[in-house]
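What follows is a set of notes on a single structure, which appears directly below.
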Amino acid sequence: MASKAIVERQITATSIQRDEDVLAAAARLAGEDLCSISDLSAGEVRAILKLGHDVKRNPREYRYALDAKQMVLMFEKASLRTRLSFESGFSQMGGNAIFFDQTNSPLGERESIADVAKNVERWVDAIVLRTYAHDTITEMAANSRVPVVNALSDFEHPCQALADFMTLEEHFGYSRGLNFTYVGDGNNVCHSLMLTGAQLGANVTVATPRGYSPDIEIVTLARERAEANGCEIKLTQDPQAGVEGADAVYTDVCVSMGFEHESTKRAPIFRPFQVNEALMARAASHAVFMHCLPARRNAEVTDAVLDSSQSIVFDQAENRMHAQKALLLLLLGGLSY
Ligand code: CP
Ligand code: NVA
């Protein structure tokens, strides 16, 4: 563990840490939760992305920013990217992450979620949760004095969407005005992408089969925010029309964790929504392909698209770590002012 003097010498504020959005976000978000992208203002979304780019460029500047902090990851579902990107990113900033597997013992079963929160907050500085029910996350947040972060629920995947728009900014140099099309199941990942795009001024089109549209409350909220930020949220059930001229085409699995029993029913419904070369040909010639992963190859996306030069899926996966480092710096007061 580094001494306080060393820590203070090591953290030198980069210019981005003096950015207006970052300063405001650092003041407002310290000690807060991230249950949903809707918890964040437009400036706070921009701040996380700006800081994410800086963390990626200058990792050594943040080497001791969360020195000796403790974080627990409590996961009811499987994970590769989320678990490892949180663990690696946190330890890169001097913190220690503890993985607590809840796959065989869902939260709230052995003791109440409130009681879990009131214990865990005594030992750690942050709680990262991957759950089935979104309510598990909001209940933990309501009962915990330390920040709670949603690492995927049945309703949202905010850390994913932050990394995805960071990746778009990296690729295009901006996010405002981008035409972003999501094709597939209108659930957790789609919800967070809609809300994030709306806050950043991106035009978001969502093409889903009938019966799999995004939640109406998310649509309403995303549209309100889009209007305030000068962009549009459109819904369609026609994937061809939805991707016409898009700068980015994004899909997710059509059978999310917890819905495996619906696999047979969903396969024919989602087949026309597969992202293949013919569908990508309707997007702009410079369009990128995106997927949160894990992908079911040749189901929602073909190998030809997933492995093409248009695919930026592994940049998205890498940026999970940088965006989450930025988020944790803000929630845990890790910047030097
Ligand atoms: N995209 C994502 O959250 O991946 P994992 O399920 O592997 O964490
Ligand atoms: N929608 C998917 C995302 C996985 C990262 C799921 O919930 O399983």
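The residues of the chain are indexed from 1 along the displayed sequence. Counting convention: from 1, in listed order, for ligands and their atoms alike.
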Using heavy atoms and a threshold below 4.0 Å, how should the contact between L152 and ligand 2 be classified: side chain, backbone, both, or neither? side chain
Contacting atoms of ligand 1, where contact means under 4.0 angstrom from a heavy atom of [X]:
X: R320; result: 1 (N), 2 (C), 3 (O)
X: H157; result: 2 (C), 3 (O)
X: L80; result: 5 (P), 7 (O), 8 (O)

Are Y174 and V288 co-members of a hydrophobic cluster defined by side-chain heavy atoms under 4.5 Å apart?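 Per the 4.5 Å side-chain linkage, V288 and Y174 are co-clustered.
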I'd like to know whether F270 forms a ring-ring contact (aromatic ring centres under 6.0 Å, His included) with Y212, so could you lay out the CA-CA distance, the side-chain angles of the two residues, the decisive distance to 0.1 Å, and finally the verdict. CA-CA 10 Å; F270 280 88; Y212 295 88; 4.9 Å; yes
Would you check the N or O atoms of R83, main chain and side chain alike, for any that come under 3.5 Å of an N or O of ligand 1?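 No, since none of the N or O atoms of R83 sits under 3.5 Å from an N or O of ligand 1.
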Nitrogen or oxygen of M257 less than 3.5 angstrom from that of ligand 1: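 Between M257 and ligand 1, no N or O pair is found under 3.5 Å apart.
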Taking atom CG of N319 and atom CD of Q160, what is their separation to the nearest 0.5 Å?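 Going from CG on N319 over to CD on Q160, the span is 10.5 Å.
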Spatial distance of atom OH (Y182) from atom OG (S192) [nearest 0.5 Å]: 10.5 Å
If you have a sec, work out which protein heavy atom is nearest [atom] and how many Å separate them, to one decimal?
atom: atom 6 (O) of ligand 1; answer: R130 NH1, 2.8 Å
atom: atom 8 (O) of ligand 2; answer: M257 N, 2.8 Å
atom: atom 4 (O) of ligand 1; answer: R81 NE, 2.8 Å
atom: atom 7 (O) of ligand 2; answer: N188 ND2, 2.8 Å
atom: atom 2 (C) of ligand 2; answer: S256 OG, 3.3 Å

Counting only nitrogen or oxygen atoms and a 3.5 angstrom limit, does D252 reach ligand 2?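 In this structure, D252 places an N or O atom under 3.5 Å from an N or O of ligand 2.
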Below a 4.0 angstrom heavy-atom separation, can you tell me which part of L152, side chain or backbone, both or neither, approaches ligand 1? neither
In this structure, does ligand 2 have an atom that sits under 4.0 Å from one of the heavy atoms of L293?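 Yes, that is the case, since the closest heavy atom of the residue is under 4.0 Å from the ligand.
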Check whether NZ of the Lys or CZ of the Arg K77 lies under 6.0 Å from the centre of the six-membered ring of Y132 and within 45 degrees of that ring's axis.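 Yes; both conditions hold, so K77 lies above the ring face of Y132.
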Contact summary for P209 and G184, nearest pair of heavy atoms: CD-O, 3.7 Å
Worked verdict on E227 versus R223 for salt bridge (charged side-chain N to carboxylate O under 4.0 Å, His left out): CA-CA 6 Å; E227 196 178 347; R223 284 194 166 140; over 6 Å; no
Looking at E20, I'd like to know if its CD atom is crowded, meaning that more than 12 non-hydrogen atoms belonging to other residues, nucleotides or ligands lie closer than 6.0 Å. no
Between F273, F165, F180, which is the residue that forms a ring-ring contact (aromatic ring centres under 6.0 Å, His included) with Y250?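 Among the candidates, only F180 passes.
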